[in-house]
Structures are given as C-alpha cells and as structure tokens.
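Below you'll find the structure, written out as structure tokens, and then a few comments.
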Amino acid sequence: MFTSQTSSFQDSIDVDERDADFDNEEIGIGQRMQQINCYYSIYFYESTSLTLLDSSLPPEAEPQLRCYISRRLSKGALLGGMGNIATVELSIPEQAVGCYCCLLEQESSPDQSEDGNGWVICFLGGSEKGLNLFRLELDKYVQGLQGSLSPEMENLESEVKPYLSRWYEQSVMHIYRVVQLVQNSVCFLLHAALSHTPVVVNDSDERTKTDVARFIKAASLQGLVQEDTTTATLCKALSEDTQTDLVIDCSTSPPTFTNTVSNRFCEDWIQAFLNAAERCNPFLSRQILENFKLKAIQDMNNLKRFIRQAEMSHYALFRCGQFLRSCGNGDVLLQNARAEHSGLTEACGIIRVLEEFLSEPALVPAALH
C-alpha cells in the first residue's frame, strides 16, 4: 500500500522535470537571470476593424498576430474579460509561442449602441501550457489596465506601454522570485499555506511582500477542499488552535525565519523547487507548486475515506494512523479534517484518537484499539 503511495509521490515531483515544453523555456544554468523573450500587443477593436496601438513584436511578426486575432474575433472566440490562450506561429526566434489574448470591452453610455468596441491585449511568451498555469494572474493583470484605456489613448506612452511591458515580471515571475529568496526555507512557506498560518514579512520592499502573499495564496488549498465547509467556519475552527504568525525578516541575507513549522511532506518538495529555480524556469516552478497541491488534496481525500471507514472498523482506524505516519503531512491533514468535521461527533472522536496516535514517539498498534 505505502510503496505505491511513495512511487506516486515521487512521480508527482519528477514528472514535469521531463516535460519538453518546459525544457524549451529554460535558460542555461549559471547564466545571469534573464527573462525569456516575451512580447505584447494592444489593439483597438471597432465593429470589424482591428487597429494597432502598440506592439513589442518584430515588424514582420505583428501583422501575423493581427490576422490571427481577427480570425478569432470573427469566430466569436474572444469573450469580453475572459482570457484565451493558444499557440501561435510567428516570425520570431521561437517560431511557435504561447499567446494570451483578452478582449476588454468599452463601456457604452446609455445613448450608444452595443457594438462590441474595445481593446484586445495580447501577451506572448513561453508555451501555451506554461501560460495556462498563470491564467488567473494574467486575467487579473489585464483587468488592472481597464481604468487606463480610452479611445484617445493619450496615456499610451506614459502609462499603458510601461504597464504592458511588465506583464511577464508581474504575472509570471513571483513564484520563482520567492523560491530564489528563501531557498531551502520554502518548506516553511508551503506548510504555512497548507495550515492557514498567517505570514508576516518585515524589512522588505513592497514587491517582496506582495510576492510572498501571492505565493501563499497560490499554494493554499482554499477553494479546492472543504466543499461542505464555508471559509468562515474553517477559519473559526482553525483559530481555536494556538497559531503563531510565521515571521520573515528580510534585513538579513538570506532572510531569517521565526516561528517556523514544517513537516516531512513539505521538506520533500524543497529540492524540486530549487531545481526549477536553478534552471531559471518560472513555468516549471508553478507546475511543481500545482503538483504539490494536487498531492496534498489526494492525501486529504484519502484521509476522509479512512475516517468514514474507521467509524465502522478498528482495523480501518489503524490503517488511517499508518497512513498519517507514512504521508508525512499528518499534522496538516488532521487540522483540516478537524475543521471540516467539526459538527460530526463520531468523526471528531476518531480525529482525537488519531491526534493522540501521531503525538506518540513510536507506532504502537494497541494505541488505536
């Protein structure tokens, strides 16, 4: 039983190290960190016409992108406010590149007809698969431009162009930057994200504070588990624990961590994150983070199943304890299970027995009978 779980865990760490799409996006180890070639374009869309406002693409590639967008618009494939990601082939060194496109519709006054006018924003870089990992971040970044757009575009040079040129740095690089900053201490951030522990960053610039907050949010399972438990109920249950903020002091290099908590599960992922950082590959860093979350969710679902079985079988209770020992994430799994089963008396009793079992220094089968 546990051999297959270990194999599955190792596969979840290693699988995307072999992914050809991500390998094509990396930059050689030992080189000074540089972004991959990334581009942007912005167009004004009116009725059926598409007018170029600005682009960082080479002159020979931009008309090719415009033709692609026109085809998408004619098919109704670009919906207002919803990003669309695909692979496009252009006259650029990469030839085939991931392309994120979003239509921001112009707000119509009551005396204007709904004619679908607006702006089409495109971000190009990496692969389609890589950009899909950052779809939410890209959607949010594009929405941040909405208030700066007008038909006259008088602020194109002063505001819009600088904003568009930072899309990769702001929307894709944050997870990579955090791993580069904290190195082996990434396990403390992973544990904090899973256990809903607040993280405080001191003596750092605003970008670092924002990066860490976004890393924690990206690594959190909120919204992915506790289907029958509201966030408010979960937070209330977790607040009953003695919980201390994880504090990161960035006045030292590397940063100093206080009130650290980790476990074997989080520590097992350290090397995968460091390998991706060494390869200067933010897309691989994000995929590893997604694999980390997927494995945590799988273990949570397994624990739910074991708890249901343990209500009817002492042997299932013993197997549940064995599983919690083996997975290395027992403290986090039980914390979430306690919050989720707070209204179920029998399940809460089983969870208390399991917590006592995990607190014992040695595995004693009789403790679960």
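Scope of the values below: all heavy atoms of this structure, side chains included, with no hydrogens, waters or symmetry mates.
When only modelled atom types and interatomic distance are considered, Y100 and N132 share no side-chain donor-acceptor pair under 3.5 Å. No hydrogens or angles considered: nothing links the side chains of N329 and H191 as a donor-acceptor pair under 3.5 Å. When only modelled atom types and interatomic distance are considered, Y176 and Q180 share a side-chain donor-acceptor pair under 3.5 Å. Inspection of the T208 and D211 side chains reveals no N or O donor paired with an N or O acceptor under 3.5 Å.
Proximity of E89 to E94: side-chain heavy atoms (C-beta onward) are nowhere separated by under 4.5 Å. When side chains are defined from C-beta on, L324 counts as touching L333, because their heavy atoms get closer than 4.5 Å.
Summarising the local packing, CD of E152 is surrounded by more than 12 heavy atoms from other residues, nucleotides or ligands at distances under 6.0 Å. The environment of Q143 atom CD is dense: over 12 non-hydrogen atoms of other residues, nucleotides or ligands sit within 6.0 angstrom.
Closest approach of P162 to E157, counting heavy atoms only: CD-O, 3.4 Å. Of all the heavy atoms in A219 and A193, the pair that sits closest is CB-CB, 3.6 Å. Residues E137 and S171 approach most closely at CB-O, 3.5 Å, considering heavy atoms.
Atom CG of L354 and atom CD1 of I351 lie 7.5 Å apart (nearest 0.5 Å). A distance of 12.5 Å separates OG1 in T51 from CH2 in W119, rounded to the nearest 0.5 Å. Here the NE2-CZ distance, from H174 to R286, works out to 5.5 Å after rounding to the nearest 0.5 Å. Taken to the nearest 0.5 Å, the CD atom of E62 stands 5.0 Å off from the OG atom of S55. The CG atom of L194 sits 11.0 Å away from the CG atom of L189 when rounded to the nearest 0.5 Å. The structure places CG of L284 at 11.5 Å from CD of E278, a figure rounded to the nearest 0.5 Å.
Proximity of a side-chain donor or acceptor of S49 to a complementary backbone N or O of E46 within less than 3.5 Å is detected. Listed for the R177 side chain is no donor-acceptor partner under 3.5 Å among the backbone atoms of R207. Not a single donor-acceptor pair under 3.5 Å links the side chain of E159 to the backbone N or O of L156.
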When you look at E169 and R166, which way does the salt bridge (Lys or Arg N to Asp or Glu O under 4.0 Å) test go after all the steps? CA-CA 5 Å; E169 175 188 349; R166 293 192 299 268; 5.9 Å; no
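For Y168 and Y40, the gap between ring centers reaches or exceeds 6.0 Å. For Y141 and W167, the distance between ring centers is not under 6.0 angstrom.
A side chain to side chain contact (heavy atoms under 4.5 Å, CB included) with I248 is found for exactly one of V201, D203, V200, namely V201. V332 pairs with exactly one of V261, N263, L190, D299 by the side chain to side chain contact (heavy atoms under 4.5 Å, CB included) rule, that one being N263. The only option from F318, F323, Y315 that meets the ring-ring contact (aromatic ring centres under 6.0 Å, His included) definition with F306 turns out to be F323.
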